Amino acid sequence: MIDNTTVIIPAHNRPERLQRLLDYYRGTGIKIIIPDSSTDIFKGTYDDSQVTYIHLPGMHFLLKIREILPLIATPYVLYCADDDFAVPEGISECAAFLDRNPSYSIAQGHYLTFVPDRGRVRFYPRYIRNFDNRITGQNAATRLPRQKGMYASMLYGLTRTSIFKEIYGYCFDIDGSLRFRNLFLAEEFFNHSMLIHGEYATLPCFFSARERIPGSATTTTVPLDIVKNDPAYRQEFDGFIHALGLMLSHREGLTVDDAEQIIRQVSLSPADTAPITFKRRVNAFLGRHRWLGWASRLSDMRYNQKGLRAVKGMPSYPCDHPVPATDAIIRAVKGQ
């Protein structure tokens with residue numbers, strides 16, 4: 001039983017996947033909060049003693065999170081998308097790590113991609129360049145630049161509730177309006193905020209499985225390189241910089257101008273090497289054009305094969321050997 005963690009499921013118009021995730025967590029003891037921005041109220045089944053459900057139709061992601069912050073009463077918290085499965089055993093291992101290491105603000109483990117395929121569920125390694133990444137340092141100015149080149153976002157990692165509740169206050173102006181709305185900025189805001197508050201660890205444990213679904217929110221959101229460089233988005237990007245600048249200023253005693261300069265420099269520096277950036281752009285282009293579906297599938301197949309070779313024999317990437325954690329996910333996907 002896990003009684004020290006709350007899982008936030010920011011649901012949106014995928015009731016069948018929300019139901020299977022709730023079924024998956026049934027009996028684990030994990031507290032669950034669902035800020036649901038779906039058009040229709042969720043009519044599935046769940047345990048009221050474990051799950052808090054709030055219907056917030058059409059509400060922006062950051063506004064949903066503001067609504068549920070007062071409801072989080074456990075020491076640790078994490079996001080789990082309604083098409084993912086954050087593994088209870090991995091959550092427990094990360095919580096134990098954070099208990100032992102107070103300088104760390106967040107921890108996560110290894111990820112798999114899963115694909116339901118003709119009655120089977122196939123698992124492939126995800127973020128294979130992030131086996132054991134750690135970001136350490138005495139201050140944020142040291143830690144923040146080291147996020148560049150990270151292949152796995154921190155957004156779905158396990159973090160301390162006290163930090164989680166504090167950071168989201170900076171997303172809002174004095175009048176309560178959002179300083180920025182872009183979902184990619186919201187993810188980068190979270191990543192930077194975690195490093196402003198402490199150190200980060202990737203642990204060698206199976207932590208989460210993520211379903212590959214075309215047409216997710218990431219394919220309909222304005223990309224970061226446009227938001228950061230197109231004058232049409234300057235006000236939003238400046239709001240993002242100001243939010244993090246205020247946080248860094250309050251955390252480390254810098255002037256707001258100096259803090260904003262640090263954040264802007266980190267945010268505008270290249271996120272990856274030129275070859276990796278090129279590959280990502282090619283894959284994004286292939287994914288946007290149906291008539292290039294064959295090329296996209298070929299690219300995915302090559303990536304999966306490369307990943308399977310890289311993680312062969314690693315217990316934290318149970319792709320080709322069944323373990324209780326993957327068996328539980330398969331049962332949830334199949335509705336058993």
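In what follows, every heavy atom counts, from backbone to side chain, and hydrogens, waters and symmetry copies are set aside. Keep in mind the model is a prediction, meaning the values are calculated, not measured.
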Do [X] and [Y] share a hydrophobic cluster (ILVMFWY, side-chain heavy atoms under 4.5 Å, transitive)?
{"X": "V121", "Y": "L308", "value": "no"}
{"X": "V323", "Y": "I91", "value": "no"}
{"X": "V266", "Y": "M154", "value": "yes"}
{"X": "V115", "Y": "I330", "value": "no"}
{"X": "M194", "Y": "L183", "value": "yes"}

Strictly distance-based, threshold 3.5 Å: is any side-chain N or O of [X] a donor or acceptor partner for the main-chain N or O of [Y]?
{"X": "S249", "Y": "G245", "result": "no"}
{"X": "D230", "Y": "Y233", "result": "no"}
{"X": "Q235", "Y": "F180", "result": "no"}
{"X": "K31", "Y": "T5", "result": "no"}
{"X": "Y53", "Y": "I33", "result": "no"}
{"X": "E252", "Y": "N139", "result": "no"}
{"X": "N101", "Y": "S103", "result": "no"}
{"X": "S105", "Y": "H197", "result": "no"}
{"X": "R179", "Y": "H242", "result": "no"}
{"X": "D82", "Y": "P10", "result": "no"}

Is it the case that atom [atom1] in [X] sees more than 12 heavy atoms from other parts of the structure closer than 6.0 Å?
{"X": "Q265", "atom1": "CD", "value": "no"}
{"X": "K312", "atom1": "NZ", "value": "no"}
{"X": "R134", "atom1": "CZ", "value": "yes"}

Checking [Y] against [X]: is there a side-chain donor and acceptor pair closer than 3.5 Å?
{"X": "S316", "Y": "H110", "result": "yes"}
{"X": "T113", "Y": "R126", "result": "yes"}
{"X": "Y156", "Y": "D84", "result": "no"}
{"X": "K228", "Y": "S267", "result": "yes"}
{"X": "Y170", "Y": "H250", "result": "yes"}
{"X": "S38", "Y": "D40", "result": "no"}
{"X": "T74", "Y": "T6", "result": "yes"}
{"X": "Y200", "Y": "Q108", "result": "yes"}

F97 and ring-ring contact (aromatic ring centres under 6.0 Å, His included): which single residue from F207, Y104, Y76 fits?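 Single pass found, and it is Y104.
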Salt bridge (charged side-chain N to carboxylate O under 4.0 Å, His left out) contacts touching residues 86-105 (sequence neighbours left out):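 Listed once each, the pairs would be none.
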Regarding R181 and the six-membered ring of F61, is the cationic atom NZ or CZ under 6.0 Å from the ring centre and inside 45° of its axis?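 Geometry flag: not set, cation outside 6.0 Å or 45°.
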Within 45° cone and under 6.0 Å: R122 NZ/CZ vs F114 ring: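 No, R122 and F114 do not form such a contact.
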Let me see the working for D47 and I32 under side chain to side chain contact (heavy atoms under 4.5 Å, CB included), right down to the final yes or no. CA-CA 10 Å; D47 183 350; I32 298 171; over 6 Å; no
For D257, all residues meeting side chain to side chain donor-acceptor pair (under 3.5 Å), sequence neighbours excluded: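 D257 satisfies side chain to side chain donor-acceptor pair (under 3.5 Å) with no residue once adjacent residues are dropped.
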is_close_aromatic(Y79, F164), centroid dist under 6.0 Å: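 So the answer is yes for these two rings.
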Salt bridge or not between [X] and [Y]? Use side-chain N to carboxylate O under 4.0 Å.
{"X": "E211", "Y": "R17", "answer": "yes"}
{"X": "D23", "Y": "R26", "answer": "yes"}
{"X": "R210", "Y": "D83", "answer": "no"}

Side chain to side chain contact (heavy atoms under 4.5 Å, CB included) assessment of K306 paired with R309: CA-CA 5 Å; K306 176 183 176 182; R309 289 194 298 269; 4.0 Å; yes
Run the side chain to side chain contact (heavy atoms under 4.5 Å, CB included) check on F190 and S193 step by step: do they pass? CA-CA 5 Å; F190 184 91; S193 298; 5.7 Å; no
Are Y111 and V87 close enough, and set up right, to give a side chain to side chain contact (heavy atoms under 4.5 Å, CB included), and what steps lead you there? CA-CA 10 Å; Y111 287 75; V87 178; over 6 Å; no
Candidate list H60, H55, K64, test side chain to side chain donor-acceptor pair (under 3.5 Å), partner S37, passing option: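 In the set H60, H55, K64, the residue that makes a side chain to side chain donor-acceptor pair (under 3.5 Å) with S37 is K64.
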For the atom pair NZ (K334) and CZ (R120), what is the distance rounded to the nearest 0.5 Å?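 K334 NZ to R120 CZ: 8.5 Å, rounded to 0.5 Å.
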